[in-house]
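A short write-up of the structure that comes next.
Since we're looking at a predicted model, the values are computed, not measured.
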Amino acid sequence: TLPIANGGTGQTTAQAARNALLPAQSANTYLFSDGTNVSFAAIAGIYSVLNIPALVVAASPTYTTVLTVPCDVSTAYTAIVDVRIADDPVTSVRSGFVRIIQAFHRNNVGNAVLDGTAVVQVSGGFGSLTGTAVVSGTNVNFQIRFTTGATVNCRVEYNIVPLVPA
């Protein structure tokens, strides 16, 4: 084996050679370069899932919160929140879908701040189904509503991506 000081890796297998040249690793990360240095960064883009059986959704104009996201200091985020709604998860007499996309950050006073207006995409069999994002102190609440209100089963899939400086 050829030592690193002499242009080698000091290892006897290909995998050990790669590990000898890379920075310290941890699970669920990817190799990231800032143009000068190489490091491992957390993988963004993995959806988390929250099932909410028998959620009582308020009738319009009141909104019902389906997800609360804390906003950490000095970080900007983009959130994609998908809410799947069904009267009955087996028969799906009525079903619907709301996607809420919202950017937000925490200001220097410590409160969450929405960046622009939420982009909301809707489809399904609930009257006037819609969604929104609102600030509650250091949190951002993602909410839904529809005309009649009802008790429904929800599956909330969400991806909160922190801004990584270039």
Side-chain angles (χ1 to χ4, degrees), residues 23-34 39-166:
Q25 302 172 46
S26 62
N28 297 316
T29 59
Y30 68 97
L31 196 57
F32 173 80
S33 172
D34 63 7
S39 62
F40 282 90
I43 295 174
I46 298 175
Y47 272 84
S48 297
V49 177
L50 174 64
N51 288 307
I52 310 173
L55 176 70
V56 178
V57 176
S60 183
T62 303
Y63 282 88
T64 301
T65 298
V66 294
L67 179 67
T68 298
V69 178
C71 185
D72 292 333
V73 178
S74 302
T75 303
Y77 300 89
T78 300
I80 301 172
V81 179
D82 293 335
V83 185
R84 290 167 172 72
I85 307 159
D87 281 336
D88 180 332
V90 176
T91 61
S92 293
V93 175
R94 287 187 303 175
S95 63
F97 173 84
V98 178
R99 170 172 277 178
I100 307 165
I101 303 171
Q102 178 70 60
F104 59 95
H105 70 279
R106 191 163 170 182
N107 66 15
N108 57 2
V109 181
N111 295 317
V113 176
L114 301 180
D115 297 318
T117 304
V119 174
V120 180
Q121 301 167 330
V122 178
S123 68
F126 291 92
S128 298
L129 179 61
T130 191
T132 192
V134 297
V135 169
S136 176
T138 60
N139 298 321
V140 176
N141 292 330
F142 292 86
Q143 303 176 327
I144 61 170
R145 75 169 192 207
F146 41 90
T147 305
T148 58
T151 300
V152 295
N153 297 287
C154 288
R155 177 181 169 93
V156 181
E157 297 179 0
Y158 57 97
N159 184 14
I160 314 301
V161 181
L163 174 68
V164 178

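Scanning both residues, Asn141 and Thr68, for their nearest heavy atoms gives OD1-OG1, 2.8 Å. The heavy-atom pair separating Leu129 from Val122 by the smallest distance is O-CG1, 3.2 Å. Looking at every heavy atom in both residues, Val56 comes nearest to Thr64 through O-CG2, 3.5 Å. The two residues Leu114 and Ala133 make their nearest non-hydrogen contact at CD1-O, 3.3 Å. When all heavy atoms are compared, the tightest approach of Gln143 to Thr65 is NE2-OG1, 3.0 Å. Of all non-hydrogen atoms in Ala112 and Val135, the two that sit nearest each other are O-CG1, 3.3 Å.
Looking at heavy atoms from C-beta onward, Asn111 lies out of side-chain contact with Arg106 at the 4.5 angstrom threshold. Looking at Val69 and Phe104, their side chains come closer than 4.5 Å, going by heavy atoms from C-beta outward. Using a 4.5 Å cut-off on side-chain heavy atoms (C-beta onward), Val120 and Thr132 make no contact.
Put simply, OG on Ser128 and CZ on Phe146 are 11.0 Å apart, with the number rounded to the nearest 0.5 Å. To the nearest 0.5 Å, atom OH of residue Tyr63 and atom CD1 of residue Ile144 are 10.5 Å apart. Note: Asn139 CG to Cys71 SG = 8.5 Å, rounded to the nearest 0.5 Å. Taken from CD1 in Ile85 to CZ in Phe97, the straight-line distance is 9.5 Å, to the nearest 0.5 Å. For the atom pair Phe142 CZ and Ile101 CD1, the distance stands at 10.5 Å (nearest 0.5 Å). The distance from atom SG of Cys154 to atom CZ of Arg84, rounded to the nearest 0.5 Å, is 11.5 Å.
Of the options Asn51, Val49, Val81, Leu55, a side chain to side chain contact (heavy atoms under 4.5 Å, CB included) to Val156 is made by Val81 and by none of the others.
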Can you check side chain to side chain contact (heavy atoms under 4.5 Å, CB included) on Tyr158 and Leu50, steps first, answer last? CA-CA 8 Å; Tyr158 57 97; Leu50 174 64; 4.2 Å; yes
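Remark: side-chain polar atoms of Asn153 are paired, donor with acceptor, to backbone N or O of Ala54 under 3.5 angstrom. Of the possible donor and acceptor atoms, none in the side chain of Gln121 sits under 3.5 Å from a partner among the backbone N and O of Asp82.
Pairs passing the salt bridge (Lys or Arg N to Asp or Glu O under 4.0 Å) check and including a residue from residues 134-156, sequence neighbours excluded, read Arg155-Glu157.
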